[in-house]
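The block underneath contains the structure these notes are about, expressed in structure tokens.
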Amino acid sequence: MADNLTRRIIRAHLVSGSMIAGEEISLHIDQTLTQDATGTMAYLQFESMGIDRVKTELSVSYIDHSCLQVGFRNADDHRFLQTVAAKYGIICSRPGNGICHQLHMERFGIPGKTLLGSDSHTPTGGALAMLAMGAGGLDIALAMGGQPFHVKMPKVVNVRLSGELKHYVASKDIILELLRRFSVKGGVGKVFEFSGSGVETLTVPQRATICNMGAELGLTASVFPADEQTRRFLRAQGRENCFHEEKTGEGFEYDEFVDIDLSSLEPMVAQPHMPDRVVPVTELSGMKVDQVWIGSCTNGNYHDFVQVAKILKGHHVAPNVSLSMSVASRQVLRMLAKEGWLADIIDAGARLLELTCGPCGGAGQSPCSGAISVRTNNRNFEGRSGTKDAQVYLVSPETATMTAIKGTLSTAEEFSDLLAGYREPERYHVDDSMFLTPAPEGNDVEVIKGPNIKGLPPFDTLPDSITGEVVIKVEDNISTDHIIPALPDIVVFRSNIPAISEYVFSGIDAGFAKRCKEKQGGFVVAGKNYGQGSSREHAALGPKYLGIKAVIAKSFARIHSQNLANFGILPLEFKEENDYERIEQGDVLELDGLLDAIDSNTIVLKNLSKKENYVLVHHLSEYQIRSIKAGSVLKLAANQN
Ligand code: MIC
Ligand code: SF4
């Protein structure tokens, strides 16, 4: 049978490897994106490669995450990003323009292309039939330098959508339903490819919400076909020339199938503190709520805010609720303003925030102690909102708005008729003036680095023997928010590895960095799905700086295990999961004869404290093994030049 869309894109971009699920392939990357919080490291790494201009078709540097600018550090990072972009041929999206994934969809996404981004929600681009993947900044730097991206060939799952959503049910509820079914680990090593009559009923921005939260399933990517909806969206963006048709579904071969009847879905909610703790909203209806936040790269589009404004018109936020909003782009905000929707939103008592990620990663709007916060973004890990004991629930914009005016968790069912009949605009408002085009010749541009921007730490080659203590033992589903939180007082050190390493595990174990320094590093022992969530490579760079040599886990999330390997930390797995129980924090472990053991993939871990041995395995590719042995992928790339 013929190749599905995912395989067609992979085949057209394949540089090496065979297209067998689980095997390593490398892919040519057409487009890259970075955002400011991960971008500074990516560009420092790119600079260190000594290349004059980026080699991609398009590279965009978005400034959208850390725009609070308390103190000089964020602003210095922005200036560095703006100058480095001008020099090396990268488009720079200025602060205030909007959130990277929304903007990339509006202005740059093209069906059939590959997109690699230093943000885990880069797969949002799948709404435009792109193979869009998240990765660490170093992988983006390499892609900008023209090197292929290494990834395991995914299994392709055909998600067949039939029927049509009820008017008060949103595309957010489709992805929440998928999370309910498959969990935050369920998508690892897979791409979800959507097809069916239900797909035809979803606009590109609605599809984007689904692709965006595919990251929470652990998917490598999600893809929708390029069909009449795609053509309409691109035409409305003045970019119909970018359209070509890409089919999915019937007639193509898939590894697995999933069916969802959209007409059977009800509004869903992900409960604290995991995006997969999903139940129908009706199960929790009546729950008193303190805060509602609407927006983010998941649900900050024009469709979302028109539906929000329709519900808000003539109503006011409940006295017990603080309602704040972050629209995802200038285009959306401008249209809401012009068409009068914004007036309805303001009249209802909403607090309008800047067009940035803001509260999503804890940059502002932290809820009060013990609060119940209902949000439309994609992650509700413990403490991510900035308030450790806050309970964050994830819902659609329709449910969030209704909740804001009622004061208790509620679906928008009673507004169903009002929500009916949404039609995508014939023309979106296009104004690209907040994108800076790079200087035609970069030679004369001076790259300006503020005092907080430090160079990369040195990376040593892998020794044959490692002995050290278990400096921390953690549970299943530890996210990169647990490893390095994205709170504003920490994010200011994203360009300064020595400084940010002080905050490794700070949310769950305040003494971690100090202990690491005393013990000169050691081992991290973890449960399943270690490192889920964000692509921030600081969750590998910080531990590396503190001397962590290996993470021994039951399993890893894709991007994080790749980041560990990129910076020379061994991501090793227990062959027998039960051995996890036998190790305690403080035990002294030893890996001996490592250089050969890694090649043969039979690694014996000695627990010197307990006088026991355990067998470990790895899922590293030959390329990653070489990178770990060299100390980092950057050194490997340098050795190759
Ligand atoms: C996130 O949603 O967690 C972030 C903040 O966008 C991260 C990137 C970062 O840590 O800078 C992500 O998703 O990769
Ligand atoms: Fe920004 Fe949140 Fe989206 Fe990450 S998930 S890109 S922090 S809005």
Side-chain angles (χ1 to χ4, degrees), residues 33-42 61-68 74 77 81 93 95 98-105 116-125 132-137 139-140 172 175 184 208-209 211-216 218-219 275 293-301 304 325-329 353-365 375-381 383-386 392 394 479-488 490-495 500 503 531-542 557-560 562-563:
L33 71 77
T34 56
Q35 40 88 343
D36 48 312
T38 54
T40 52
M41 268 296 142
S61 169
Y62 293 93
I63 303 178
D64 57 355
H65 273 60
S66 304
C67 302
L68 270 184
N74 291 153
D77 279 354
L81 291 168
S93 172
I99 306 176
C100 54
H101 308 304
Q102 172 75 19
L103 290 170
H104 208 85
M105 171 181 72
L116 196 67
S118 62
D119 191 279
S120 64
H121 293 103
T122 304
T124 311
M133 296 166 288
D139 287 310
I140 313 310
K172 178 67 158 277
I175 186 65
V184 290
T209 299
C211 293
N212 177 281
M213 273 191 92
E216 277 50 69
L219 290 166
W293 176 57
I294 302 175
S296 85
C297 64
T298 320
N299 276 125
N301 64 53
D304 291 330
M325 296 184 183
S326 308
V327 175
S329 74
L353 309 178
E354 213 186 342
L355 312 182
T356 63
C357 303
C360 184
Q365 300 296 308
R375 298 179 168 213
T376 65
N377 62 315
N378 43 37
R379 293 189 171 139
N380 59 349
F381 303 136
R384 182 173 159 103
S385 67
V392 177
L394 307 176
S479 72
T480 48
D481 279 314
H482 294 108
I483 306 172
I484 278 277
L487 302 174
I490 303 177
V491 108
V492 290
F493 296 117
R494 285 290 182 95
S495 316
I500 207 166
Y503 295 91
Q532 70 162 325
S534 126
S535 66
R536 67 192 71 138
E537 57 195 353
H538 307 77
L541 276 164
R558 174 185 68 85
I559 302 178
H560 187 59
Q562 202 149 349
N563 283 339

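Counting convention: from 1, in listed order, for ligands and their atoms alike.
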* Which atoms from ligand 1 have a heavy atom of Ala37 less than 4.0 Å away? -> 11 (O)
* Asked: Going by the atom numbers of ligand 1, which of them fall below 4.0 Å from some non-hydrogen atom of His65?
  -> 4 (C), 5 (C), 6 (O)
* Asked: Nearest to atom 1 (C) of ligand 1, what protein heavy atom do you find, and at what distance?
  -> Arg379 NH1, 3.2 Å
* Asked: At what distance is the nearest protein heavy atom to atom 13 (O) of ligand 1, and which residue and atom is it?
  -> Ser120 OG, 2.5 Å
* **Residue portion contacting ligand 1 (non-hydrogen atoms closer than 4.0 Å) for Gln35** => side chain
* Find all atoms of ligand 1 within a distance of less than 4.0 Å from any non-hydrogen atom belonging to Thr38, and give their numbers and elements. => 9 (C), 11 (O)
* Asked: Does an N or O from Asp119, backbone or side chain, lie closer than 3.5 Å to an N or O of ligand 1?
  -> yes
* To do: Considering the heavy atoms of Ser535, write down every atom of ligand 1 situated less than 4.0 Å from one of them.
  => 12 (C), 14 (O)
* Asked: Heavy atoms under 4.0 Å from ligand 2: which residues qualify?
  -> His65, His101, Asp119, His121, Ser296, Cys297, Cys357, Cys360, Asn378, Arg384
* Can you tell me which residue and heavy atom of the protein come closest to atom 2 (O) of ligand 1, and the distance to 0.1 Å? -> Arg384 NH2, 2.9 Å
* Asked: Tell me, which protein residue and heavy-atom name are nearest atom 7 (C) of ligand 1, and how many Å apart are they?
  -> Ser534 CB, 3.3 Å
* To do: Look at the rings of Phe493 and Tyr503 and say which category their plane angle falls in: under 30° parallel, 30 to 60° tilted, over 60° perpendicular.
  => parallel
* Just which atoms of ligand 1 are under 4.0 Å from any heavy atom in Arg494? -> 9 (C), 10 (O), 11 (O)
